[in-house]
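Structure first, commentary second.
What you see is a predicted model, and the numbers here were worked out from it, not measured in a lab.
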Amino acid sequence: MSSITELDYVNISTRAIELGCSMPEIAILPDNFHLARSRGELQIGRHATAARSMFENASFPLGSFCGSSHTGYFGEEDFRHWETNLFVSAKILEREPYVVSVALSIIQNHLTGFVAGEPERNVRVSFVVEKRDRTCRKLVYDGNIAGLRTLSHAIHKIAKE
């Protein structure tokens, strides 16, 4: 069974300014972006590091909030779940509406191989979507790989609000 949860999220552009970060159009979102006190505290998890490589291998242009200043952490993770967070701006969704479908296809193709033979494995992918008024909403998908495509419609619906 899969689900999509919608949550309020901090204003990404305001938060990027507070942290002294650049404002990408689409990027891996550090796990603690909303809580970090400084740019140097930003952290990405093991799966986010793998996701960046996956997108680079597919020649998909991801931006970055702070370049190489993200600190990777590997800690105690639940290996039954694959998890990553992406940010997508209103600007890129308006200019290139297909970008989310392409990103989801890359994720889906990668994960099909990653969880092969383990049907009980869930994926958790979240998108923080910037709306036209620059406010942000977070969509969290939790479920099987096949259901990932349902995120595209939900993302575009929020972006148009």
Side-chain angles (χ1 to χ4, degrees), residues 1-19 21-36 42-56 58 60-66 70 73 77-112 114-115 120-161:
M1 185 162 148
S2 62
S3 67
I4 297 176
T5 305
E6 187 175 333
L7 308 161
D8 286 327
Y9 199 77
V10 299
N11 183 301
I12 295 290
S13 59
T14 300
R15 189 74 179 119
I17 291 168
E18 291 170 358
L19 294 170
C21 296
S22 58
M23 182 63 185
E25 291 186 333
I26 187 165
I28 302 286
L29 187 67
D31 296 346
N32 62 339
F33 191 78
H34 62 295
L35 297 173
L42 293 175
Q43 297 180 334
I44 58 170
R46 177 179 57 86
H47 296 282
T49 302
R52 177 165 290 287
S53 294
M54 170 187 65
F55 282 113
E56 287 173 358
F60 186 89
L62 279 182
S64 176
F65 285 95
C66 298
H70 298 143
Y73 70 90
E77 295 186 85
D78 180 353
F79 292 103
R80 292 172 298 178
H81 289 86
W82 187 91
E83 185 170 358
T84 196
N85 304 294
L86 294 163
F87 165 74
V88 61
S89 71
K91 186 186 289 186
I92 199 168
L93 285 170
E94 189 172 314
R95 190 180 69 243
E96 300 175 37
Y98 56 84
V99 74
V100 170
S101 294
V102 172
L104 286 169
S105 290
I106 292 168
I107 293 168
Q108 190 171 25
N109 288 339
H110 172 78
L111 292 178
T112 298
F114 183 75
V115 299
E120 72 282 355
R121 176 88 56 111
N122 277 352
V123 295
R124 189 173 299 129
V125 177
S126 66
F127 275 80
V128 173
V129 181
E130 181 184 54
K131 299 183 333 185
R132 290 179 180 164
D133 67 0
R134 311 274 290 181
T135 61
C136 297
R137 300 284 294 164
K138 183 174 185 175
L139 290 174
V140 181
Y141 172 83
D142 195 349
N144 62 26
I145 296 169
L148 268 173
R149 297 232 182 232
T150 60
L151 262 175
S152 184
H153 175 72
I155 289 167
H156 285 284
K157 181 180 170 192
I158 287 174
K160 291 177 183 175
E161 292 178 356

I'd like to know if the side chain of [X] reaches the main chain of [Y], judged simply by a donor and an acceptor atom lying under 3.5 Å from each other, with no hydrogens or angles considered.
X: Gln43; Y: Pro30; answer: no
X: His156; Y: Pro97; answer: yes
X: Glu25; Y: Ser89; answer: no
X: Ser22; Y: Ser64; answer: yes
X: Asn11; Y: Arg134; answer: yes

Step-by-step ring pair (Phe, Tyr, Trp, His ring centres under 6.0 Å) determination, Phe87 to Phe33: CA-CA 11 Å; Phe87 165 74; Phe33 191 78; 8.1 Å; no
Point-to-point distance, once rounded to the nearest 0.5 Å, from [atom1] of [X] to [atom2] of [Y]:
X: Ile158; Y: Lys138; atom1: CD1; atom2: NZ; answer: 12.5 Å
X: Phe60; Y: Ser105; atom1: CZ; atom2: OG; answer: 10.0 Å
X: Thr112; Y: Ile145; atom1: OG1; atom2: CD1; answer: 4.5 Å
X: Met54; Y: Leu111; atom1: CE; atom2: CG; answer: 6.5 Å
X: Ser152; Y: Leu104; atom1: OG; atom2: CG; answer: 6.0 Å
X: Thr135; Y: Ile12; atom1: OG1; atom2: CD1; answer: 11.0 Å

Residue pair Ser101, Arg149: steps toward the side chain to side chain donor-acceptor pair (under 3.5 Å) verdict: CA-CA 7 Å; Ser101 294; Arg149 297 232 182 232; 5.7 Å; no
If you compare all heavy atoms of [X] against all heavy atoms of [Y], which two are closest, and at what distance to 0.1 Å?
X: Thr84; Y: Ala51; answer: OG1-CB, 3.8 Å
X: Tyr141; Y: Ser2; answer: OH-CB, 3.3 Å
X: Asp31; Y: Ile44; answer: OD2-C, 4.0 Å
X: Ile26; Y: Pro61; answer: CG2-O, 3.8 Å
X: Ala36; Y: Leu19; answer: O-CD2, 3.6 Å
X: Ala27; Y: Gly63; answer: CB-O, 3.3 Å

Those residues that, when tested against Arg132, pass salt bridge (Lys or Arg N to Asp or Glu O under 4.0 Å) (two or more places apart):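 By the salt bridge (Lys or Arg N to Asp or Glu O under 4.0 Å) rule, Arg132 matches no residue at all.
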May I ask you to test the [X]-[Y] pair for a side-chain heavy-atom distance under 4.5 Å?
X: Ile107; Y: Phe55; value: yes
X: Glu130; Y: Met23; value: yes
X: Leu7; Y: Ser126; value: no
X: Gln108; Y: Val123; value: no
X: Leu86; Y: Ile28; value: yes
X: Thr14; Y: Glu18; value: yes
X: Leu93; Y: Val100; value: yes
X: Val129; Y: Tyr9; value: no

side-chain contact (heavy atoms from CB on, under 4.5 Å) between Val128 and Asn85, worked out: CA-CA 7 Å; Val128 173; Asn85 304 294; 5.9 Å; no
Glu94, CD: over 12 other non-hydrogen atoms inside 6.0 angstrom: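 At most 12 heavy atoms, drawn from other residues, nucleotides or ligands, come within 6.0 Å of this atom.
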side-chain hydrogen bond (donor to acceptor under 3.5 Å, both in side chains) against Asn32, all qualifying residues, sequence neighbours excluded: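 Asn32 satisfies side-chain hydrogen bond (donor to acceptor under 3.5 Å, both in side chains) with no other residue.
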Modelled atom types, side-chain donor and acceptor of Asp142 and Ser3, under 3.5 Å: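 Asp142 vs Ser3: no donor-acceptor pair found between side chains.
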